[in-house]
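I have placed the structure first, in the form of structure tokens, so that the comments after it can refer back to it.
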2 protein chains.
Amino acid sequence: MKKVSLRDIAEELGVSKTLVSLVMNGKAEENRISQEVIERVKRVAKEKGYEPNQFAKALRTGKSMTIGLIVADISNSFYSKMARSIEDTAYGSNYTVLFGSSDEDPAKAEKLIKVMLDRQIDGLIISPTIGGHQNIDLIKKHKIPFILVDRPLSGVKSSFVGVNNLEASFEAVDTMLKSGCTRIAHINFYQELGNMKDRFNGYVKAHEASGLTVDPSLIIHVSNDRAVGEIQQFIDHVGDKVDAFFFANNEIAIIAIKYLMHSNIDPHRDVSIACFDDHEAFHLLKASIGVIKQPVVEMGKKALELLLERIESNGKAHQTITLSTEYAVLNEELARK
Amino acid sequence: MKKVSLRDIAEELGVSKTLVSLVMNGKAEENRISQEVIERVKRVAKEKGYEPNQFAKALRTGKSMTIGLIVADISNSFYSKMARSIEDTAYGSNYTVLFGSSDEDPAKAEKLIKVMLDRQIDGLIISPTIGGHQNIDLIKKHKIPFILVDRPLSGVKSSFVGVNNLEASFEAVDTMLKSGCTRIAHINFYQELGNMKDRFNGYVKAHEASGLTVDPSLIIHVSNDRAVGEIQQFIDHVGDKVDAFFFANNEIAIIAIKYLMHSNIDPHRDVSIACFDDHEAFHLLKASIGVIKQPVVEMGKKALELLLERIESNGKAHQTITLSTEYAVLNEELARK
DNA sequence: ATGAAAGCGCTAACAC
DNA sequence: GTGTTAGCGCTTTCAT
């Protein structure tokens with residue numbers, strides 16, 4: 001089972017490697033190779049189980065048919081679902097996917113980018129971290145196409161795929177306000193991430209639209225690495241002063257709901273809750289919960305499509321794709337029981 | 001920012017490519033290159049931002065420094081966590097990871113394997129699908145090292161990393177029996193998967209150890225693609241005839257618990273529940289639940305380490321690593337409230 | 001219609 | 001101690 005190369009086939013047929021190469025790459029017609037030869041080459045190639053050596057090909061053409069995917073954490077369900085979608089779309093176009101998790105750390109992201117660049121990826125889909133401007137510069141320096149997903153990076157010109165964070169957030173909070181909630185607490189991450197900022201802004205705008213002003217003491221921006229403690233402390237402070245919670249993503253929501261229950265605050269009888277992202281865990285809750293569903297599969301697909309467009313025709317201008325979320329209230333029936 | 005090659009550096013210094021190559025690969029000492037030259041080469045390389053072309057390297061050495069990972073579904077939390085662990089370990093050893101999801105479909109797995117083989121991965125970690133024997137044959141034919149994870153494949157000789165499914169299952173069921181449960185229903189997948197079979201056997205053995213025989217009507221083996229319907233139907237049948245449920249993994253557990261709640265069967269007051277896998281969702285449950293925690297991070301790490309061993313020293317014999325699970329009951333305090 | 005030859009950037013056996 | 005040389009397998013001018 002030694003590897004069969006172009007040469008083996010060429011020798012077998014007494015023709016040149018060129019000829020075989022042309023046939024194998026479907027360029028036979030345009031070079032007016034005779035049908036008969038084409039047939040023969042193809043037959044022998046199949047017989048011998050010829051598989052082109054991708055490295056030789058890549059070395060020669062500079063194209064690896066591999067793209068990179070860098071997210072904060074592949075084990076987070078939002079990103080793993082997106083990864084799955086990207087994978088499916090990529091394999092469909094004969095691309096292969098290298099992945100890496102940055103842990104929201106620009107230094108780690110840089111390492112990943114370097115390794116991937118080393119592997120000569122043809123393009124990169126990245127969910128940038130706070131302070132990741134240098135990362136982007138690095139990618140730009142290498143002139144490979146890249147697409148930002150989930151969150152934009154201020155001041156960075158690039159194609160981007162995300163959702164209507166502000167509007168979605170507005171709708172969720174507005175719904176809560178209209179249903180009678182008057183004091184809605186909001187837990188969010190640090191504001192450097194554009195998407196998180198928009199979610200916060202939506203919360204504020206919804207209040208304004210109802211003629212209310214937000215109470216700053218009901219809002220907290222937690223850090224990535226000390227989120228659990230900060231959230232718990234916040235809940236200790238405001239837990240009995242509010243009638244609703246709006247969480248900026250599923251991670252926060254899960255931490256908070258767990259702690260609410262632990263603190264004997266029933267996330268239904270005592271407070272209303274809503275959050276960004278749908279998550280399996282919410283479906284096992286005996287409490288209704290408003291969720292903003294992100295079209296994560298569509299996001300991955302669009303991001304990859306955009307990337308391939310850029311890889312294949314370098315000239316294209318940057319595009320921003322904003323997909324729509326869907327608001328739904330889960331477990332309404334269940335919670336009444 | 002044109003790419004710098006070995007030659008550029010060699011010319012700049014008026015030395016040969018070989019010399020530069022040796023220095024860059026840390027083989028200078030053993031070839032008695034003078035310290036001074038080493039210094040100079042390194043300096044210029046750094047100045048010019050030299051990055052070796054991995055394709056040329058791979059073409060020459062036949063090593064891609066890339067490994068493949070094929071699981072059933074990367075968006076499943078069990079696998080995405082394992083992927084994360086593998087990723088971390090791999091990058092630590094300068095390897096890069098290509099991933100793919102088989103959807104438990106051997107035909108899809110085959111495609112993935114072919115693509116990865118095409119990319120000349122140095123090794124493969126795979127969680128095999130039912131009927132995946134041909135997949136393994138394909139891998140073996142190409143003579144690249146591979147490690148099976150999570151589930152063995154009957155009759156296949158290979159290294160394997162998994163957990164003590166039978167014992168873990170035994171312990172969980174035994175605990176339920178000892179706590180007074182007498183009619184424990186069991187929901188599992190089809191039995192072709194070795195790990196699932198062991199989980200079933202543990203359930204049976206625990207009964208035997210208590211002098212009981214299992215009631216076949218309380219057991220169901222569902223199929224992968226129609227799991228939801230089959231589980232719901234089963235619960236409709238046995239829901240009021242049992243005092244406990246033991247689920248073979250988190251997917252099943254989540255589907256079942258959701259439906260139990262929907263059916264007004266309180267997974268605490270009315271029935272006890274236990275299952276394989278810990279999952280975030282279980283922590284939001286207002287019910288105690290016994291979970292068998294799999295050391296998924298350790299599994300990924302061990303699998304990769306084993307793979308690298310095999311890649312680096314081809315002679316090694318096959319190894320089977322069985323890691324221990326941990327049984328825990330979640331939410332006990334919460335459920336009493 | 002087909003082939004010869006150059007070269008992508010690197011490594012390793014063998015000279016000197 | 002350092003350099004020469006010969007490819008790895010492929011694509012792509014340019015000849016014929």
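Just so we're on the same page: letters track the sequence lines, and every chain starts at 1. Quick caveat, the model's predicted, so the values are computed rather than measured.
- To the nearest angstrom, C1' of dA12(C) lies 8 Å from NZ of K27(B).
- A salt bridge does not link E30(A) to K27(A): none of the charged nitrogens lies less than 4.0 Å from a carboxylate oxygen.
- A salt bridge links K108(A) with D88(B): the distance from a Lys NZ or Arg NE/NH1/NH2 to an Asp or Glu carboxylate oxygen falls below 4.0 Å.
- Counting only heavy atoms from C-beta on, K57(B) has its side chain closest to dC10(C) among dT12(D), dC10(C), dA4(C).
- Atom CG of N53(A) is separated from atom P of dC10(C) by 17 Å (rounded to the nearest Å).
- Residue S34(A) is the one, among S34(A) and Y50(B), whose nearest nucleotide of DNA chain C lies closer to the 5' end (criterion: closest heavy atom).
- Under 4.0 Å is where a charged nitrogen must lie from a carboxylate oxygen, and between E39(B) and R43(B) no such pair does.
- Spacing between atom CD of E30(B) and atom C1' of dT2(D) amounts to 15 Å, rounded to whole angstrom units.
- Rounded to an integer number of Å, the gap from L59(B) CG to dC8(D) C1' is 4 Å.
- Within the 4.0 Å cut-off from OP1 or OP2 of dG7(C), not a single side-chain nitrogen or oxygen of R7(B) is found.
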In residues 67-76 of chain A, what donor-acceptor pairs under 3.5 Å come from side-chain atoms, sequence neighbours left out?
| residue | atom | partner | partner atom | Å |
| --- | --- | --- | --- | --- |
| D73(A) | OD1 | S75(A) | N | 2.9 |
| D73(A) | OD1 | S75(A) | OG | 3.0 |
| D73(A) | OD1 | R84(B) | NH1 | 2.9 |
| D73(A) | OD2 | S75(A) | OG | 3.1 |

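- Contacts of K63(B) with the nucleic acid, taken as non-hydrogen atoms under 4.0 Å apart, are absent.
- Applying a 4.0 Å cut-off to non-hydrogen atoms, the residues of residues 17-24 of chain A that approach DNA chain C are T18(A), L19(A), listed by residue number.
- Atom CD in E51(A) sits roughly 19 Å away from atom P in dC8(D) (whole-Å rounding).
- Between I113(A) and H142(A), the closest side-chain pair of non-hydrogen atoms is not below 4.5 Å.
- Listed candidates were dA4(C), dC10(C), dG9(D). Nearest to the side chain of S16(A) is dA4(C).
- The shortest side-chain heavy-atom distance between R310(A) and H318(A) falls under the 4.5 Å cut-off.
- Atom-to-atom, CD1 of I9(B) to P of dG3(D) comes out at 14 Å; the value is rounded to the nearest Å.
- Less than 4.0 Å separates DNA chain D from at least one heavy atom of each of the following residues of residues 36-43 of chain B: V37(B).
- Candidate nucleotides dT2(C), dC10(C), dG9(D) were compared by shortest atom distance to the side chain of I33(A), and dT2(C) ranks first.
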Checking E104(B) against N224(B) for the side chain to side chain donor-acceptor pair (under 3.5 Å) test, could you report, in this order, the C-alpha distance in whole Å, the side-chain angles of both residues, the deciding distance, and whether it holds?
CA-CA 8 Å; E104(B) 306 278 9; N224(B) 192 53; 5.2 Å; no

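- The distance from atom CD of Q35(A) to atom P of dT2(C) is 11 Å, rounded to the nearest whole Å.
- By the 4.5 Å heavy-atom criterion applied to side chains, T89(A) and I86(A) are not counted as neighbours.
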Can Y79(B) and D150(B) be said to form a side chain to side chain donor-acceptor pair (under 3.5 Å), step by step?
-> CA-CA 9 Å; Y79(B) 291 120; D150(B) 189 31; 3.0 Å; yes

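- Remark: C1' of dG1(D) and CG of L13(B) are 16 Å apart, rounded to the nearest angstrom.
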